[in-house]
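Each residue takes its place number in the sequence, starting with 1. What you see is a predicted model, and the numbers here were worked out from it, not measured in a lab.
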Amino acid sequence: MLNIVLFGPPGSGKGTQAAKLVEKYGLKHLSTGDMLRAEKVSGTELGNRVATIMATGMLVSDDIVNEIVQSQLKTHAASVPGFIFDGYPRTIEQAHTLDGFLQEIGTGVSVTLFLDVPKDDLVKRLLQRAIELGRADDTAEVIEARVTEYNSKTLSVASVYEGQGKLQKLNGIGSVDEISARLIAAVEMSSIKG
């Protein structure tokens with residue numbers, strides 16, 4: 001299986017690039033952001049808890065996110081050539097949990113693609129996206145909280161995959177197609193190595 005962790009700060013273009021990689025490789029896209037937004041509007045008790053957490057810009061607990069991801073892996077593992085993880089793992093603990101989940105289905109992370117984008121560009125992208133998509137949760141204050149949360153809790157996840165020799169840090173500035181080409185080249189290089 002080809003399993004890609006697409007890694008980078010909020011606004012780095014993970015969702016856009018994940019769609020390109022899904023198109024290229026036929027992978028199942030697991031976007032925790034999309035899954036959590038769907039849960040948020042579900043009206044369930046869990047959905048209401050998720051909504052409250054997301055409104056502050058903080059990260060949803062590992063337990064909740066892990067449960068959602070494990071369910072998706074079990075549901076789709078037999079029918080897809082692999083997965084692309086977008087927004088997961090966000091903590092070192094989640095990275096180790098993901099390794100365990102993948103081992104359970106006889107596979108592992110193939111490559112981690114790290115989209116590196118300067119903070120000023122992230123803020124501009126997120127504010128523009130809020131306007132274009134009508135995302136009420138993307139206010140300047142929430143964006144600042146999300147970037148700070150990412151830097152303090154999530155950035156360290158890269159070290160897990162770097163230690164495994166699976167991290168590819170790539171320039172996240174450029175056109176969608178330019179960035180896609182960089183990502184595809186990194187995936188192809190990792191396939192040759194692996």
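With sequence neighbours excluded, the residues satisfying ring pair (Phe, Tyr, Trp, His ring centres under 6.0 Å) with F114 are F7. In terms of the ring pair (Phe, Tyr, Trp, His ring centres under 6.0 Å) criterion, Y88 has no residue partners (sequence neighbours excluded). By the salt bridge (Lys or Arg N to Asp or Glu O under 4.0 Å) test, D62 pairs with no residue at all, sequence neighbours left out. With sequence neighbours excluded, the residues forming a side-chain contact (heavy atoms from CB on, under 4.5 Å) with R129 are L126, L133, R135, D138, R146, listed by chain and number. Legend: residues meeting salt bridge (Lys or Arg N to Asp or Glu O under 4.0 Å) with D177, ordered by chain and number and at least two apart, are K20. A search for salt bridge (Lys or Arg N to Asp or Glu O under 4.0 Å) contacts involving K153 returns E149, not counting sequence neighbours.
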Let me check something: any side-chain donor-acceptor pairs from residues 154-162 under 3.5 Å, sequence neighbours excluded? List them with distances.
{"from": "T154", "atom 1": "OG1", "to": "R90", "atom 2": "O", "distance (Å)": "2.8"}
{"from": "S159", "atom 1": "OG", "to": "S156", "atom 2": "O", "distance (Å)": "2.5"}

Determine whether D99 and Q164 satisfy the following criterion, side chain to side chain contact (heavy atoms under 4.5 Å, CB included), listing intermediate values before the conclusion. CA-CA 11 Å; D99 285 346; Q164 295 174 1; 3.0 Å; yes
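For residues 71-84, the set of pairs meeting the side chain to side chain donor-acceptor pair (under 3.5 Å) definition, not counting sequence neighbours, comprises Q72-H76. Residue pairs meeting the ring-ring contact (aromatic ring centres under 6.0 Å, His included) criterion with at least one partner in residues 168-191, sequence neighbours excluded, are absent.
Membership of an apolar cluster is not assigned to I131, as no side-chain contact below 4.5 Å to another ILVMFWY residue is traced. Other residues sharing a hydrophobic cluster with V111 under the 4.5 Å side-chain heavy-atom criterion for ILVMFWY residues are L2, I4, L6, L21, V22, Y25, L27, I84, L113, L115, L170, I179, L183, I184, V187. If you chain together ILVMFWY residues whose side-chain heavy atoms come under 4.5 Å of each other, V41 ends up in a group of its own.
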